[in-house]
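The structure appears right after this line, and notes come after that.
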Amino acid sequence: MRHLQAMMTLAREMRERAYAPYSNHAVGAVVRTPGGQLYGGCNVENAAYPEGTCAEAGAIAAMVAGGDRVAIEVLVMGPAGPPCTPCGGCRQKLTEFCPPTTPVHVCDPDSLLLTTSLSELFPHAFGPGNLGA
C-alpha cells in the first residue's frame, strides 16, 4: 500500500487527460510492476462507441511498450459516485498480466473507495493457465 499515493497521483493525471466527450466519464488507471515501475492510461472514446479504449487497456499497453510483462498492483480512478471497477473486458486483459491475488484499488478523484483482488473481481477467470501458458 506504500505505493498507493503515487499511483493515485498518476491516475489523477491520466484521468485529467482522458478523452471522453460522449460519456463525460473520464477514467485513469495505473499498473505497478514488481520493479516498482508505474504505467498509466486513460480512456479514449470516439464517435463509434464500441471502438473506444479503456484506461486499464491503455495502462497495460504502456507497460508492455515499456518492456514489462507483469503487474502486481492496479488502481482505477473514475469520477465521484459509485466505485468504477474495471469492465469485463479489462478484467480479462488484467488476467493476462496479473496474478489472481493482485490488489485492485478503486478510487474517485479524492479517496480510495475499494480494495479487492483480481480473483474477487473475476472469479474462475479464463487465462494463460487454461492454455498451458
Side-chain angles (χ1 to χ4, degrees):
M1 289 281 262
R2 63 188 181 110
H3 302 283
L4 190 58
Q5 201 59 26
M7 292 177 76
M8 286 183 73
T9 298
L10 181 55
R12 195 173 293 109
E13 282 178 35
M14 294 294 102
R15 187 174 178 276
E16 289 169 5
R17 295 178 189 173
Y19 180 74
Y22 305 104
S23 70
N24 292 312
H25 188 84
V27 179
V30 175
V31 295
R32 183 172 67 87
T33 66
Q37 182 68 38
L38 301 180
Y39 295 97
C42 61
N43 59 321
V44 179
E45 297 177 348
N46 67 65
Y49 289 112
E51 299 304 318
T53 304
C54 294
E56 298 90 331
I60 291 167
M63 178 185 74
V64 171
D68 286 305
R69 296 286 190 268
V70 176
I72 60 166
E73 193 169 12
V74 177
L75 187 139
V76 179
M77 182 179 287
C84 179
T85 59
C87 72
C90 286
R91 293 174 193 206
Q92 183 67 52
K93 289 173 182 75
L94 290 167
T95 297
E96 190 70 23
F97 297 98
C98 301
T101 57
T102 299
V104 179
H105 309 289
V106 182
C107 305
D108 67 15
D110 299 315
S111 61
L112 175 65
L113 302 174
L114 170 72
T115 296
T116 187
S117 68
L118 183 55
S119 64
E120 289 174 316
L121 278 176
F122 199 33
H124 311 290
F126 181 88
N130 295 97
L131 298 174

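In this structure the side chain of Asn46 never reaches within 4.5 angstrom of the side chain of Tyr19, judged on heavy atoms. Side-chain contact between Val76 and Thr85: absent, with no pair of heavy atoms (C-beta onward) separated by less than 4.5 Å. Looking at heavy atoms from C-beta onward, Pro128 lies in side-chain contact with Glu96 at the 4.5 angstrom threshold. Side-chain contact check for Thr101 versus Ser117: every heavy-atom pair is 4.5 Å or farther apart. Taking 4.5 Å as the limit, every side-chain heavy atom of Val74 sits out of range of all side-chain heavy atoms of Leu118.
In this structure, CE on Met77 lies 8.5 Å from OG on Ser111, to the nearest 0.5 angstrom. Summarising the geometry, atom CG belonging to Leu121 is positioned 9.0 Å from atom OG1 belonging to Thr95; distances are rounded to the nearest 0.5 Å. Between Met14 atom CE and Leu38 atom CG the span is 10.5 Å, to the nearest 0.5 Å. Going from atom SG of Cys87 over to atom NZ of Lys93 covers 6.0 Å, rounded to the nearest 0.5 Å. Distance check: Arg32 CZ to Thr102 OG1 gives 10.0 Å after rounding to the nearest 0.5 Å.
Remark: of the listed residues Met8, His105, Glu73, Glu73 is the sole one forming a side-chain contact (heavy atoms from CB on, under 4.5 Å) with His3. Across Cys42, Pro79, Cys107, a single residue satisfies side-chain contact (heavy atoms from CB on, under 4.5 Å) together with Arg15, and that is Pro79.
When the side chains of ILVMFWY residues are joined at heavy-atom separations under 4.5 Å, either directly or via intervening members, Val31 and Val27 end up in a single hydrophobic cluster. By the rule that hydrophobic residues join a cluster once side-chain heavy atoms approach within less than 4.5 Å of another member, Val104 and Phe97 end up as members of one cluster. Cluster membership for Leu112 and Ile72, using ILVMFWY side-chain heavy atoms within less than 4.5 angstrom, is not shared.
Side-chain N or O atoms of Asn43 include none that pairs as donor or acceptor with a backbone N or O of Gly52 at under 3.5 Å. Side-chain N or O atoms of Glu45 include one that pairs as donor or acceptor with a backbone N or O of Ser23 at under 3.5 Å.
Taking all atoms of both residues into account, the shortest heavy-atom contact from Glu56 to Cys90 is OE1-SG, 3.6 Å. Counting all heavy atoms, side chain and backbone alike, Pro86 lies closest to Leu94 at CG-CD1, 4.2 Å. In plain terms, the two heavy atoms of Cys84 and Gly78 that are nearest each other are CB-CA, 3.9 Å. Closest of all the heavy-atom pairs between Pro99 and Ala71 is CD-O, 3.3 Å. Heavy atoms only, all atoms of each residue included: Ala11 and Leu75 are closest at CB-CD2, 3.4 Å.
Residues meeting the side chain to side chain contact (heavy atoms under 4.5 Å, CB included) test with Gln37, sequence neighbours left out: Thr33, Tyr39, Asp68. Applying the salt bridge (Lys or Arg N to Asp or Glu O under 4.0 Å) criterion to Glu13, with sequence neighbours excluded, gives Arg17.
Applying the salt bridge (Lys or Arg N to Asp or Glu O under 4.0 Å) definition to pairs two or more places apart or across chains, none involves residues 98-123.
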